[in-house]
Amino acid sequence: VEEYFKAMLVSKDRWSWMCDGQTFQSNQTGIGTSYGLHLKQPINYYNDYNIYIAYTDKNSPAAKAGIKRGYRLSKINSTDAMTLVNQGTFYTELAKNSNKFTFIDLDGNEQNITLTQSQYKSNSVVATEIFDKTNSPQITSSKKVGYINYISFTESLKSEITEALLMMKNESVDELILDLRYNGGGDLDLCTSVASLLVPSDANGKTFLHIAHNSTQVSNDFYCTFARNSNSLNLSRLYIITSKATA
């Protein structure tokens, strides 16, 4: 089935994917078993092939062990990580239920941490922060700038992004940074709901997206429109950070 699925894809399709039912349900609920490590290589930007921690899931073994964004993964079970990559055994080693990891922390110190995979509920909002002149010297006015790192548009995790945006509203932020660098997309209804909380009042009722089909399926076309509500923010400016991994 997987081979047939892949054969159906056009060469430019980097978004379509498939999995079994159990994996899909785990993705939708956010419940899964892992270390909670999300790894990246900054090859495209810095020509750096080292493996770094992009972020860790809250409540995961990695987060509980204090592993932070920016740590470099140096070794797994005393074998150099890049050696494992070159041998083609990195993911096999990483998939083991328990491993001793060697990290280089943000101060350049080596840390040896043994982790065991466990079941936990992951999060869709990785980080929130509010910047103003008390913590950011470059802000000289009284304005507040909010920041939200948002990982997935998953309906079952809707409360997280709603709570994060409500916090921004209660703090009366003037501007917002929405970080979608690692957001692979998801539920369109939730995406529309989030967008409706961000747009200015003059966008209310206007088209957010239009799903169009080919000429034989025109009857399935539909529109999603912005629908602001009492929780919508009143922003003077919105910044959105994206990457090639952003849907």
Side-chain angles (χ1 to χ4, degrees), residues 1-34 36-55 57 82 84-95 122-126 148-158 160-161 178-196 198-199 203 206-227 238-247:
V1 173
E2 187 170 348
E3 290 179 3
Y4 177 77
F5 171 78
K6 289 180 178 178
M8 294 291 289
L9 302 181
V10 297
S11 60
K12 293 183 179 180
D13 188 344
R14 61 193 177 96
W15 297 116
S16 298
W17 58 282
M18 68 174 295
C19 63
D20 58 48
Q22 183 177 358
T23 302
F24 178 78
Q25 290 301 327
S26 294
N27 289 339
Q28 292 302 297
T29 60
I31 298 174
T33 300
S34 76
L37 295 169
H38 293 268
L39 309 174
K40 299 289 181 182
Q41 289 175 292
I43 300 168
N44 294 332
Y45 301 99
Y46 301 104
N47 199 32
D48 185 349
Y49 284 79
N50 285 308
I51 301 168
Y52 295 90
I53 307 302
Y55 64 95
D57 291 324
M82 295 312 298
L84 294 172
V85 171
N86 294 329
Q87 292 174 346
T89 57
F90 178 82
Y91 287 106
T92 302
E93 198 72 12
L94 186 65
S122 63
N123 49 296
S124 60
V125 175
V126 173
I148 298 176
N149 190 329
Y150 187 34
I151 297 299
S152 64
F153 289 95
T154 306
E155 182 65 34
S156 63
L157 301 175
K158 181 178 180 178
E160 286 191 42
I161 185 61
L178 183 62
D179 190 345
L180 302 179
R181 281 175 292 175
Y182 308 128
N183 194 308
D187 186 273
L188 285 182
D189 288 338
L190 178 56
C191 188
T192 305
S193 297
V194 171
S196 294
L198 299 174
V199 296
K206 293 182 179 179
T207 298
F208 171 50
L209 61 89
H210 173 208
I211 301 297
H213 298 75
N214 64 30
S215 59
T216 66
Q217 301 290 329
V218 173
S219 61
N220 291 319
D221 288 8
F222 67 91
Y223 291 83
C224 291
T225 58
F226 295 115
L238 171 66
Y239 303 87
I240 301 179
I241 308 176
T242 64
S243 70
K244 289 182 178 179
T246 305

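Positions are given from 1, in the same order as the sequence printed here. Owing to the predicted nature of the structure, the values given are computational and were not obtained by experimental measurement.
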Chemist: Measuring only between side-chain heavy atoms, which start at C-beta, is Leu94 closer than 4.5 Å to Leu39?
Modeler: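 A side-chain contact exists here, since the closest heavy-atom pair is under 4.5 Å.
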Chemist: Can you give me the closest heavy-atom contact between Ser152 and Ser124, atom names plus distance?
Modeler: O-CB, 3.7 Å
Chemist: On a heavy-atom basis, which atom in Ala247 and which in Gly184 lie closest, and how many Å separate them?
Modeler: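 Shortest heavy-atom contact: CB-O, 3.2 Å.
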Chemist: Taking C-beta and beyond as the side chain, do Tyr223 and Leu209 meet within less than 4.5 Å on heavy atoms?
Modeler: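 No. Closest side-chain heavy atoms not under 4.5 Å.
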Chemist: Testing the 3.5 Å rule here: is there a donor-acceptor pair between the side chains of His213 and Asp221?
Modeler: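 Yes.
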Chemist: How close do Arg181 and Ala245 get, heavy atom to heavy atom, and via which atoms?
Modeler: O-CB, 3.6 Å
Chemist: Do Tyr182 and Thr246 come close enough that some side-chain heavy atom pair is under 4.5 Å?
Modeler: no
Chemist: Yes or no on side-chain contact (heavy atoms from CB on, under 4.5 Å) for Val125 and Ile148, after CA distance, side-chain angles and deciding distance?
Modeler: CA-CA 7 Å; Val125 175; Ile148 298 176; 4.1 Å; yes
Chemist: Considering all heavy atoms of both residues, which atom of Lys158 and which atom of Leu190 are nearest to each other, and what is their separation?
Modeler: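 Taking every non-hydrogen atom into account, CG-CD1, 3.3 Å.
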Chemist: Using only atom types and a distance under 3.5 Å, with no angle test, would you say the side chain of Gln41 pairs donor to acceptor with the backbone of Ile51?
Modeler: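 It does not hold such a pair.
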Chemist: About how many Å separate CG of Asp48 and NZ of Lys40, when rounded to the nearest 0.5 Å?
Modeler: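 The NZ atom of Lys40 sits 14.5 Å away from the CG atom of Asp48.
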Chemist: I want to check something: taking the side chain as every heavy atom from C-beta on, are Ile53 and Leu37 in contact at a cut-off of under 4.5 Å?
Modeler: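 Ile53 vs Leu37: side chains touch.
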Chemist: Is there a side-chain contact between Phe5 and Ser16, using heavy atoms and a 4.5 Å cut-off?
Modeler: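 Counting from C-beta outward, Phe5 and Ser16 do come under 4.5 Å.
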Chemist: Do you know which two heavy atoms are closest between Tyr45 and Ser243, and how far apart they sit?
Modeler: OH-CB, 4.4 Å
Chemist: Is there a donor-acceptor contact under 3.5 Å from the side chain of Tyr4 to the main chain of Lys6?
Modeler: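 A pair under 3.5 Å: no.
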Chemist: Does Tyr150 offer a backbone N or O that forms a donor-acceptor pair with the side chain of Asn183 under 3.5 Å?
Modeler: yes
Chemist: State, with a plain yes or no, whether a side-chain heavy atom of Cys191 is found less than 4.5 Å away from one of Val194.
Modeler: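 Contact flag for Cys191/Val194 side chains = no.
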Chemist: Between Ile211 and Leu188, is there a side-chain heavy-atom distance shorter than 4.5 Å?
Modeler: yes
Chemist: Start with the C-alpha gap between Leu84 and Asn86, add the side-chain angles, then the distance that decides, and say whether side-chain contact (heavy atoms from CB on, under 4.5 Å) holds.
Modeler: CA-CA 5 Å; Leu84 294 172; Asn86 294 329; over 6 Å; no
Chemist: If we ignore angles and hydrogens, is there a donor and acceptor under 3.5 Å between the side chains of Gln217 and Asn214?
Modeler: no
Chemist: Please tell me whether Thr192 and Asp189 have a donor and an acceptor in their side chains that are separated by less than 3.5 angstrom.
Modeler: no
Chemist: How are the rings of Phe226 and Phe208 set relative to one another: parallel (under 30°), tilted (30 to 60°) or perpendicular (over 60°)?
Modeler: tilted
Chemist: Does Leu9 offer a backbone N or O that forms a donor-acceptor pair with the side chain of Asp13 under 3.5 Å?
Modeler: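 Answer holds: no.
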Chemist: Does any non-hydrogen side-chain atom of Asn123 lie less than 4.5 Å from one of Asp57?
Modeler: yes
